[in-house]
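What follows is a single structure, written as structure tokens, with notes after it.
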Amino acid sequence: MISENNEVCLSIRELDERGDLDDQRLLMLIDTAAGDGYLFTAADRKRRLVYGDEIYLRGLIEFTNYCRNNCYYCGIRRDNKAAERYRLSDEQIMDCCRNGYALGYRTFVLQGGEDPYYTDSRICSIVSAIRSLYPDCAITLSLGEKARRSYQAYFDAGANRYLLRHETADPEHYRILHPEDMSLTNRKRCLFDLKEIGYQVGAGFMVGSPYQTHAHLLSDLRFLQDLRPDMIGIGPYITHKETPFAGFASGSLELTLRLLAILRLLFPYALIPATTALGSVHPQGRELGLKAGANVVMPNLSPVKVRRKYDLYENKICTGEDAAQCRACLERRVAAAGYHIVTAVGNARKEPFC
Ligand code: 5AD
Ligand code: FES
């Protein structure tokens with residue numbers, strides 16, 4: 001037992017110093033809870049080295065829950081006839097930005113299902129309106145898979161960041177989580193297109209999704225090393241009863257925290273959110289995420305009356321609070337965890353050797 005612990009500690013130390021580990025030892029770290037305390041301490045130290053105690057704010061605007069896709073895990077999938085669909089008008093989106101700006105937000109994240117109503121020209125006109133009113137803000141889009149020319153058009157209109165989780169880097173696992181009309185190849189194509197265009201790119205995956213193995217998680221880490229994203233979003237998979245995966249258990253807080261800490265040591269410079277999903281599986285989930293190496297929080301700016309409808313998974317937090325309440329709540333939580341919120345745009349720090 002002691003020698004196993006030793007090996008775990010030595011591996012964490014090597015990961016900390018070298019920023020990488022061989023497959024076998026990385027897998028051992030994913031597998032074992034024995035080193036968690038040491039791992040979280042190392043991850044927190046690494047984050048403080050690069051980012052100090054700063055936590056970045058991103059204001060999330062969930063502007064449509066219509067989706068043409070049918071991912072088996074997701075509550076807003078096309079075939080969920082129980083979902084109450086909504087779209088925010090351009091005015092409502094601009095109201096969210098105005099409100100957010102007054103509350104100190106300098107990054108707006110426009111997130112939605114893959115909704116054909118929002119043609120490229122509609123997206124471009126929303127992005128340019130935000131860009132011209134808020135030239136000092138970052139505009140992040142999270143609209144799913146698009147053609148390269150669409151990504152280029154949004155970029156030219158003024159968007160500078162894009163979030164698209166790869167969900168799983170294993171092709172067979174991808175096949176199990178998604179219907180035939182989606183492919184990991186296209187997902188990866190999107191991510192590399194976005195990078196080439198010049199976006200700051202965020203990828204990521206769910207922890208504990210149905211049929212996921214630890215070997216899949218290792219593939220996720222290796223894929224991220226290949227992509228070198230600026231942002232990495234992970235959260236526990238959470239069951240939704242109106243999906244084909246209704247019978248599967250949710251992912252665990254513990255494994256998500258372990259992965260967060262491993263990510264911080266592999267990617268010292270990345271922006272890594274303590275996600276809403278993490279906060280939804282444990283009352284202190286986001287605080288624990290910060291202590292394990294996360295450095296971003298993404299409170300919701302959407303109008304309260306639509307929040308409950310952006311129902312990706314069950315028991316989602318923050319569906320009754322308005323933007324000012326979420327802002328104040330996170331301020332308190334972040335401070336209690338030992339960090340402080342900064343309202344700057346908060347670009348990823350650049351690695352010294354690239
Ligand atoms: N549980 C947790 N996360 C989910 N997402 C979608 N459905 C679920 C779920 N049931 C995540 C996906 C997606 C992001 C917007 O939300 O990773 O990329
Ligand atoms: Fe929304 Fe706490 S962050 S209520």
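Everything quoted here is computed from the prediction, not taken from an experiment. Atoms within a ligand are numbered from 1 in the order they appear, just like the ligands themselves.
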With ring centroids as reference points, do [X] and [Y] lie under 6.0 angstrom apart?
X	Y	answer
Tyr199	Phe155	yes
Tyr134	Tyr101	yes
His173	Tyr211	no
Tyr162	Tyr154	no
Tyr86	Phe63	no
His166	Tyr174	no

* Which of the atoms of ligand 1 are close to Glu167, meaning less than 4.0 Å from one of its heavy atoms? -> 12 (C), 13 (C), 17 (O), 18 (O)
* Atom indices of ligand 1, in the order listed, that fall short of 4.0 Å to a heavy atom of Tyr237 -> 1 (N), 2 (C), 10 (N)
* To do: Indicate, as side chain, backbone, both or neither, the part of His240 found under 4.0 angstrom from ligand 1 when only non-hydrogen atoms are considered.
  =>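 For His240, there is no contact with ligand 1 at all, from either part.
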* To do: Examine the proximity of ligand 1 to Pro236 and report which part, side chain or backbone, both or neither, has a heavy atom under 4.0 Å away.
  =>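 Just the backbone.
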* **Side-chain donor-acceptor contact under 3.5 Å, Arg161 with Asn347** =>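 Arg161 vs Asn347: donor-acceptor pair found between side chains.
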Which residue holds the protein heavy atom closest to [atom], what is that atom called, and what is the gap in Å?
atom	answer
atom 10 (N) of ligand 1	Ile238 O, 2.8 Å
atom 7 (N) of ligand 1	Tyr73 CD1, 3.4 Å
atom 5 (N) of ligand 1	Met206 SD, 3.9 Å
atom 16 (O) of ligand 1	Leu312 CD1, 3.5 Å

* Is any N or O atom of Tyr313, backbone or side chain, closer than 3.5 Å to an N or O atom of ligand 1? ->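 No, since none of the N or O atoms of Tyr313 sits under 3.5 Å from an N or O of ligand 1.
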* Taking both backbone and side-chain atoms of Arg165, is any N or O found less than 3.5 Å from an N or O belonging to ligand 1? ->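 Yes - when backbone and side-chain N and O of Arg165 are compared with those of ligand 1, one distance drops under 3.5 Å.
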